[in-house]
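Contents: one structure, followed by commentary.
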Amino acid sequence: MFLDRFKNFKEYKTETTPAKIKLSSNENPFDLPDKLKEKIANEIKKLSFNRYPDPTYKSLKEVIAQFYNLNPENIVLGNGSDELIDILVKAVGDLKNPVMFPVPTFPMYKVSSDVINRPTATFYLDENFDLKKEEIDEALDKKPDIAFFASPNNPTGNSFNPDMINYVAENNVFTVVDEAYIDFSDRESFYKKALKGGNLVVIRTLSKIGLAGLRVGFMIANEEIAKTVDKIRPPFNITLPSQKIAEIVLTEGEDIIKEQINTIKSERKRLMEEVSKIENIKIYPSDANFFLIKVKDANLIHKKLIEKDVLVRNVSYLPRLENCLRVSIGKPEENNLFLKALKEVV
Ligand SMILES: *Cc1c(COP(=O)(O)O)cnc(C)c1O
C-alpha cells in the first residue's frame with residue numbers, strides 16, 4: 001500500500017548471466033597482485049570492526065587528492081558515485097524543477113529522479129551521440145535546476161562537446177559532469193572549472209579503475225559546495241575496510257593501477273581496430289574502457305555470445321540504441337576469445 005507507486009518502477013538493471021568472459025560491466029579486468037592483497041589482508045586484520053569509521057575520511061581524502069593532484073578540501077566521498085548522483089538529485093534546487101540529462105545515457109540520473117518523483121527534462125543526443133544545441137535549448141525551456149552529463153558517456157563511449165556543457169552551466173543550471181571514465185580518456189577534464197566555483201561540479205569513481213567492489217566515488221567541487229554536500233551525505237557512507245583498502249591500493253598500488261589503465265587503453269585500440277574489420281558491424285568511437293557496436297540482430301548475437309561463454313551488455317532496449325551491444329575491454333586473452341566468438345556469430 002505505502003509502496004504502491006513502485007509496483008511498476010523501472011529499476012537499474014545489470015547483466016547477471018554467469019559467463020567465463022565477462023565484458024558487461026565496464027570493470028577493470030585485472031585484479032591486484034597477490035602480494036598487495038596479502039598486505040591488504042594484514043592491514044584489515046588490524047582494524048576495529050566494532051568502531052565507527054572516521055566520518056571525515058581525512059586519510060582517504062588525502063590519498064585521493066594525492067593520486068589525482070587535488071586538495072582534500074575539494075573532495076566529497078560517496079558510496080560509489082551512484083550515491084553522489086542520488087544526493088545531488090535530492091539536494092540541488094527546487095525539487096519541483098526538473099533534472100536534465102540526455103538520452104541515451106547512464107540510467108541512474110533517471111532512477112534517482114523517479115524515486116523521489118522529481119520531474120526530468122530529457123533530450124536526444126544527435127546521430128554521433130553528441131550534444132546538440134537545439135535539443136538542449138528545448139530542455140532548458142523546461143527550467144531544470146540540475147543537469148547531468150556523463151562524459152565520456154555510458155553506454156555510447158564518446159565524450160561530449162565541452163562547449164555545450166559550458167553552455168548549460170552558463171544558463172544557470174547546476175551542472176554535474178560525470179567523469180566515471182575520464183581515466184581512459186585523453187580529453188581535458190572539467191575538474192579545473194569545478195575548482196573555480198560557480199555551479200559546476202565533477203563526479204568520479206574508483207569503480208572503473210579496479211575497485212568496483214569497494215564502492216568509493218567522489219565529487220570534485222569548490223570548497224563551499226564541497227562543504228555543503230559533505231553536510232548532507234550520510235555520516236558513515238564509506239565502510240572502514242573500503243577506506244583502508246582504497247588507501248593502500250592508491251598508494252602502494254599506484255603504479256600497478258596506472259599500468260593497468262594503459263594496458264586497457266592499448267587493448268581498446270587493438271580490439272576496436274579488429275572489430276571494425278568485421279562485416280555487418282558498425283562500431284562507434286570510444287574514450288572509455290568499453291565501446292558500442294551496432295549489429296543486425298542484437299538479441300540474437302547477445303544470446304549466441306552467451307552460448308560461447310562471452311557476456312556483453314545488451315543495450316538494444318534503450319531508446320536510440322536499437323541493435324546495439326556494449327563491450328567492455330577485457331584482458332588481452334579475453335579480448336581474443338571475444339573476437340573469435342564474435343566473428344563466428346555474426
Ligand atoms: C559506472 C558509472 C557510475 C557509477 O559508478 P559507481 O561509483 O560504481 O557508483 C556513474 N556514472 C557513470 C556514467 C557510470 O558508467
Side-chain angles (χ1 to χ4, degrees), residues 11-15 22-29 57 60 64 67-68 75-90 99-113 115 122 125 129 131 146-160 165 175-185 187 189-191 194 201-220 229 233-234 237-239 242-243 245-246 249-250 257 261 264 268 284 286-292 312-313 315 318 321 324 326-329:
E11 79 273 36
Y12 180 77
K13 284 216 174 66
T14 180
E15 300 266 0
K22 187 170 180 280
L23 306 177
S24 58
S25 291
N26 300 343
E27 296 146 332
N28 177 345
Y57 310 134
L60 177 55
I64 290 177
F67 191 87
Y68 285 108
I75 295 174
V76 179
L77 296 184
N79 192 263
S81 44
D82 284 344
E83 186 183 46
L84 293 166
I85 293 166
D86 201 58
I87 290 171
L88 293 170
V89 164
K90 286 190 289 195
V99 178
M100 172 178 172
F101 52 87
V103 174
T105 192
F106 186 57
M108 287 310 293
Y109 316 135
K110 177 167 166 50
V111 172
S112 283
S113 306
V115 169
T122 60
L125 296 172
F129 297 128
L131 303 170
I146 177 168
F148 286 91
F149 298 104
S151 187
N153 188 33
N154 176 11
T156 59
N158 60 298
S159 305
F160 292 140
I165 296 176
T175 302
V176 185
V177 186
D178 182 347
E179 295 188 337
Y181 300 98
I182 197 78
D183 299 277
F184 307 98
S185 167
R187 305 205 181 218
S189 162
F190 267 87
Y191 86 91
V201 301
V202 163
I203 54 175
R204 301 248 186 110
T205 177
L206 302 184
S207 295
K208 316 292 152 93
I209 62 166
L211 300 176
L214 298 189
R215 313 305 303 132
V216 178
F218 59 102
M219 180 177 84
I220 306 171
V229 176
R233 68 164 169 82
N237 56 340
I238 314 289
T239 68
S242 284
Q243 285 179 50
I245 297 167
V249 174
L250 294 188
I257 295 284
I261 291 170
I264 292 165
R268 173 180 70 199
Y284 295 91
S286 170
D287 290 325
N289 63 346
F290 63 87
F291 59 91
L292 190 73
V312 299
R313 181 71 67 97
V315 292
L318 291 169
L321 296 180
C324 287
R326 193 192 69 188
V327 184
S328 309
I329 310 296

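Values in this document were obtained by computation on a predicted structure and should not be read as measured data. Excluded from the calculations below are hydrogen atoms, water molecules and symmetry mates; all remaining heavy atoms, backbone and side chain alike, are included. Ligands are counted one by one from 1 in listed order, and the atoms in each one are counted from 1 as well.
With no hydrogens or angles considered, a side-chain donor-acceptor pair links Asp178 and Tyr109 at under 3.5 Å. Inspection of the Arg187 and Ser151 side chains reveals no N or O donor paired with an N or O acceptor under 3.5 Å. Counted by atom type alone, Asn26 and Arg313 present zero donor-acceptor pairs between their side chains at under 3.5 Å.
Residue, atom and distance of the protein heavy atom nearest to atom 3 (C) of ligand 1 are Phe106 CZ, 3.4 Å. Protein heavy atom nearest atom 15 (O) of ligand 1, with residue, atom name and distance: Tyr181 OH, 2.6 Å. Looking from atom 5 (O) of ligand 1 to the surrounding protein, the closest heavy atom is Ser81 OG, 3.1 Å. Among all protein heavy atoms, the one lying closest to atom 13 (C) of ligand 1 is Asp178 OD2, 3.4 Å. The closest protein non-hydrogen atom to atom 2 (C) of ligand 1 is Lys208 NZ, 2.4 Å.
Contact analysis leaves Gly217 out of contact with ligand 1, as no non-hydrogen atom separation drops below 4.0 angstrom. Ligand 1 lies within reach of Arg215, whose nearest heavy atom is under 4.0 Å from it. The shell of residues lying under 4.0 angstrom from ligand 1, judged by heavy atoms, excludes Glu83.
A donor-acceptor contact shorter than 3.5 Å links the side chain of Asn158 to the backbone of Phe129. Not a single donor-acceptor pair under 3.5 Å links the side chain of Thr205 to the backbone N or O of Gly80. Between the Tyr181 side chain and the Phe290 main chain, no donor and acceptor come within less than 3.5 Å of each other. Looking only at distances, no side-chain donor or acceptor of Asn289 sits under 3.5 Å from a matching main-chain atom of Ile329.
Looking at Asn79 next to ligand 1, no N or O pair under 3.5 Å apart turns up. Residue-to-ligand polar distances keep Tyr109 apart from ligand 1: every N/O pair is separated by 3.5 Å or more.
Taking the six-membered ring for Trp, Phe101 and Phe106 have ring centres at least 6.0 Å apart.
Ligand 1 places these atoms under 4.0 Å from at least one heavy atom of Gly80: 6 (P), 7 (O), 9 (O). If you number the atoms of ligand 1 from 1 as listed, the ones under 4.0 Å from a heavy atom of Ala150 come out as 13 (C). Under a 4.0 Å criterion applied to the non-hydrogen atoms of Asp82, ligand 1 contributes the atoms 4 (C), 9 (O).
The aromatic rings of Phe218 and Tyr68 sit tilted, their planes meeting at an angle between 30° and 60°.
The residue from Gly78, Ser207, Pro155 that puts a heavy atom closest to atom 8 (O) of ligand 1 is Ser207.
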